[in-house]
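Have a look at the structure below, then the notes.
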Amino acid sequence: MLVPEHFDGNRLASNDPVGQQLEMAPLVSREDRLPQSIQFICGVDVAYDTRSDRLFAAAVMLCAADLSVIETATVETRATFPYSPGVFSLRELPPLVEAVEKLNRQPDLIVCDGQGLAHPRRFGLACHLGVYLDRATIGCAKTRLIGEFGPLGPRRGDYSPLEDANEIIGSVLRTQDFVRPLFVSIGHRISLPTARDWILRLTPRFRLPETTRMANHVVNEYRRITCSGLDSPIR
DNA sequence: GCGACAG
DNA sequence: ATCTTGTCGC
């Protein structure tokens with residue numbers, strides 16, 4: 001499991017993923033500690049190859065002002081863990097870190113395709129990536145992992161608190177009128193209201209943030225080109 | 001034991 | 001996540 005460089009002793013006492021998540025969870029900052037002026041926002045996504053364990057990741061940099069794509073980075077690795085809810089970052093974190101570090105510029109904010117604090121141990125993919133890179137991150141998932149929520153209004157901007165164990169762990173946010181809501185939560189160095197604001201700014205027209213839409217497009221295109229051919233170059 | 005379960 | 005066939009609408 002990837003441990004942040006600035007972690008005390010740079011090592012974890014636990015050897016299992018769950019124990020390590022519990023150890024790193026306290027490192028998450030739930031306050032706004034992001035740059036005064038946000039210029040570059042990064043979106044990340046991963047795609048898989050059905051016939052092998054090949055895995056593809058992409059990091060796409062958008063200009064915060066007009067949401068245009070200004071840079072992309074891709075990476076191919078191999079899946080080393082099967083998908084398992086709760087320890088998802090074990091699978092996608094390594095390639096995502098690689099992709100983000102390939103970018104020429106450092107993003108002011110990273111939007112993840114998965115949960116942040118809205119996680120059994122309050123340490124979803126967005127928290128892990130944020131703490132590891134020591135960068136502001138938002139968890140923005142399409143479906144729920146844990147937590148309960150009441151009904152929310154039908155219009156864009158309407159939201160309802162996502163709660164678990166008497167704690168608000170995120171927001172169920174409607175990003176377009178009459179469309180299924182998204183599950184927004186703190187990743188790192190950002191408050192929940194600010195996270196919601198950014199997700200709304202990133203969804204001027206579609207349900208999903210432009211960051212994830214673009215990252216999704218880039219990574220799928222990358223996989224298509226890489227895997228084109230009757231037989232994969234790699235078994 | 002049974003159902004839930006980010007991507 | 002990925003696959004798949006068809007359908008609706010701009």
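Excluded from the calculations below are hydrogen atoms, water molecules and symmetry mates; all remaining heavy atoms, backbone and side chain alike, are included. First the proteins, then the strands, lettered A, B, ... as listed; each starts at 1.
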Ring geometry between A:Phe123 and A:His128 (parallel below 30°, tilted from 30 to 60°, perpendicular above 60°): tilted
Would you tabulate the pairs of protein nitrogen or oxygen atoms and nucleotide nitrogen or oxygen atoms of nucleotides 8-10 of chain C closer than 3.5 angstrom?
none

Donor-acceptor pair between A:Ser14 and A:Gln20 side chains, under 3.5 angstrom: no
A:Tyr48: which of A:Arg54, A:Arg223, A:Arg91 passes side-chain hydrogen bond (donor to acceptor under 3.5 Å, both in side chains): A:Arg91
Side-chain heavy atoms of A:Arg30 within contact of A:Arg122, under 4.5 Å: yes
Identified stems (criterion: three or more consecutive Watson-Crick or G-U pairs, under 3.5 Å), DNA chain B: none
Under 4.0 Å protein heavy-atom contact, by nucleotide of nucleotides 1-7 of chain B - B base, S sugar-phosphate only: ---SSBB
Atom-to-atom span, CZ of A:Arg224 to P of C:dT2 - whole angstrom: 15 Å
Side chain proximity check, A:Leu173 to A:Pro181, heavy atoms < 4.5 angstrom: no
Test log, rule side chain to side chain contact (heavy atoms under 4.5 Å, CB included), inputs A:Tyr222 and A:Ile225: CA-CA 5 Å; A:Tyr222 175 57; A:Ile225 295 170; 5.9 Å; no
Distance, rounded to the nearest Å, where A:Asn216 contributes CG and C:dA1 contributes P: 7 Å
Side chain to side chain contact (heavy atoms under 4.5 Å, CB included) against A:Pro120, all qualifying residues, sequence neighbours excluded: A:Leu145, A:Ile146
Side-chain H-bond candidate by donor/acceptor type, A:Arg196 with A:Ser171, under 3.5 Å: yes
Gap separating the CD atom of A:Glu76 from the OG1 atom of A:Thr226, nearest 0.5 angstrom: 6.0 Å
Sorted by number, the residues of residues 157-175 of chain A with heavy-atom contact under 4.0 Å to DNA chain B: none
Short side-chain donor-acceptor distance under 3.5 Å, A:Gln21 and A:Arg121: yes
A:Thr212 and A:Asp113: side chain donor to acceptor below 3.5 Å: no
Cation-pi geometry met for A:Arg174 and A:Tyr159 (6.0 Å, 45°): no
Side-chain N or O of A:Arg51 closer than 4.0 Å to phosphate OP1/OP2 of C:dT2: no
Donor-acceptor pair, side chain of A:Asp158 and main chain of A:Arg155, under 3.5 angstrom: yes
Dot-bracket encoding of pairs in DNA chain C, which uses [ ] for pseudoknotted crossings and | for another strand, Watson-Crick or G-U under 3.5 angstrom: ..........
A:Thr194 and A:Asp197: side chain donor to acceptor below 3.5 Å: no
Under 3.5 Å donor-acceptor, A:Thr77 side chain and A:Pro95 backbone: no
